[in-house]
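Heads up, the thing below is written out as structure tokens.
Naming: A, B, ... by sequence-line order, numbering from 1 per chain.
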2 protein chains.
Amino acid sequence: MKSGLGKEPLRRFRRHEHLALGGEAQDRVYRLDEGWACRYTLLPDGRRQITALYLPGDVCEPQWVISSKAELSIVALTDVIATEIPLGSIRNASDEGVSELIDALMTNFNRQSDWIVSLGRRSANGRITALFAEIYSRLQQNGRVRQPCTIPLTQQDIADVVGLTPVHVNRVVSELRRQGLVQFSGKTIIVPRPDEIDRQQDGMGLAG
Amino acid sequence: MKSGLGKEPLRRFRRHEHLALGGEAQDRVYRLDEGWACRYTLLPDGRRQITALYLPGDVCEPQWVISSKAELSIVALTDVIATEIPLGSIRNASDEGVSELIDALMTNFNRQSDWIVSLGRRSANGRITALFAEIYSRLQQNGRVRQPCTIPLTQQDIADVVGLTPVHVNRVVSELRRQGLVQFSGKTIIVPRPDEIDRQQDGMGLAG
DNA sequence: CGTTCGTTTGAGGATATTCAATCCATGTGG
DNA sequence: CCACATGGATTGAATATCCTCAAACGAACG
């Protein structure tokens, strides 16, 4: 995966362009070098629920190494530059490439479980602050934290992640701004002190 | 996995007994021969969110074949009889056992994505009917449908799956009973016509 | 300069929660 | 066989949270 061979082709996607369509066979995965993307489901009435967020540095979608089929569509949330990684090139030979993908898969699996907890048991405020804290933590792990942490998501995008309406997201986020927990810069959100955001989450820690 | 060798030991768990504790190393998986179990997270204030349901016939937790560690606790929701399947016995030799577990893992992964959609975008009524429909469908796939489909879950358990309070679950379920979509038999719920329940779900299908 | 996309604000209403009781079946000990 | 304790289901009233509808606003873009 980290083979610096430079043989893997770079792909560019514009915002709203699809990296994959639900049902399609996949013969590659992507590593996002720049930009954000997501997996989502569209309801018949047009509402959208995002089921996974892909940040710069993430591999999208690691499970294709197992199933070779996109269950859901993947779309770019910003302009994206991605490295194309053919599955054939790593599936033969029990490479470290495979185990890296498997690790990423399990990480996503556990993240989904966590997100079920958020959606099931947290208030709007808790879900949004939890999302910002998660994003910061993941960017940090990917080595992509500029100071401070910036989030190029639309409030509509955020709403589709946290399962709320954009109107209500706006009210919650505005309140966070009033408290100084986030700042706005144009349409991107800035989290100046991620550690404080983390403490905002209502009733979330661990046990049992 | 289906080796009828009879060498695998049977394990019994009483209701509320743990099959695994979060953080524990695991050297086996379980196939549930009888009874129901779940994976869950406990919040600091005592509320619980169930992140996976295990039905008779299911393997619990297939991802242990990869990670060998329980991220979250697993508890029996009813009395359980399970077959213990040592991981060592199938990890060497690229058995069909492994690929069966991998398949189950991917099924659970996709089910979690679907559940995120439910929690994020469905009403109480939609979540509960979706849950019943999912349960019926899974029991059928596992070859465990007696006529009719019975669900031995407490309303509190259901609440912890769908992310609602038991009080509100009671109101919704009572309304479903009034409409004849479910029946009660003591504390267990019966779904006489699962196909009709399926049509109750508000705004759920596919697209995009 | 008019569109377009995204944000912001208000008013009103629907949905789900909270807090409390009550009910009911089951199981236990006397 | 009955009194009592227990766990779960049920109901009501009041409240909180979030949604819907509608309009206005602002920046970016062609």
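- By the side-chain contact (heavy atoms from CB on, under 4.5 Å) test, B:Gln156 is found to be paired with B:Thr154, B:Ala159, B:Asp160, B:Pro166, residues two or more places apart in sequence or in another chain being considered.
- C:dT8 atom P lies 13 Å from atom CD of A:Glu175, rounded to whole Å.
- Legend: residues meeting side-chain hydrogen bond (donor to acceptor under 3.5 Å, both in side chains) with A:Asp27, ordered by chain and number and at least two apart, are absent.
- Remark: B:Pro148 engages B:Ile190 in a side-chain contact (heavy atoms from CB on, under 4.5 Å) (not counting sequence neighbours).
- Residues satisfying the ring pair (Phe, Tyr, Trp, His ring centres under 6.0 Å) test with B:Tyr30, not counting sequence neighbours, are B:Phe13.
- Every residue meeting the side-chain hydrogen bond (donor to acceptor under 3.5 Å, both in side chains) condition with B:Glu175, not counting sequence neighbours, appears here in chain and number order: B:Arg178.
- In this structure, the side-chain contact (heavy atoms from CB on, under 4.5 Å) partners of B:Arg177, at least two apart in sequence or on a different chain, are B:Ser174, B:Val182, B:Phe184.
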In B/S/- notation (B base, S sugar-phosphate only, - none; protein heavy atoms under 4.0 Å), nucleotides 14-23 of chain C written 5' to 3' is --BBBB----

N/O to N/O distances under 3.5 Å, protein versus nucleotides 7-9 of chain D:
{"unit_1": "D:dG8", "atom_1": "OP1", "unit_2": "B:Arg15", "atom_2": "NH2", "d": "2.6"}
{"unit_1": "D:dA9", "atom_1": "OP1", "unit_2": "B:Gln155", "atom_2": "N", "d": "3.3"}
{"unit_1": "D:dA9", "atom_1": "OP2", "unit_2": "B:Gln155", "atom_2": "N", "d": "3.2"}

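- Applying the side chain to side chain donor-acceptor pair (under 3.5 Å) rule to pairs touching residues 186-195 of chain A yields A:Arg193-A:Glu196, sequence neighbours excluded.
- Between A:Arg111 and A:Glu134 there is a salt bridge, since a side-chain N of the basic residue sits under 4.0 Å from a carboxylate O of the acidic one.
- Evaluation of the side-chain contact (heavy atoms from CB on, under 4.5 Å) rule for B:Ser68 yields B:Leu87, B:Arg91 as partners, not counting sequence neighbours.
- When the side-chain hydrogen bond (donor to acceptor under 3.5 Å, both in side chains) test is applied to B:Glu71, no partner is found at least two apart in sequence or on another chain.
- Each end of the helix from C:dC1-D:dG30 to C:dG30-D:dC1 gets its own rotation axis from five pairs of C1' atoms, and the angle between them is 30° to the nearest 10 degrees.
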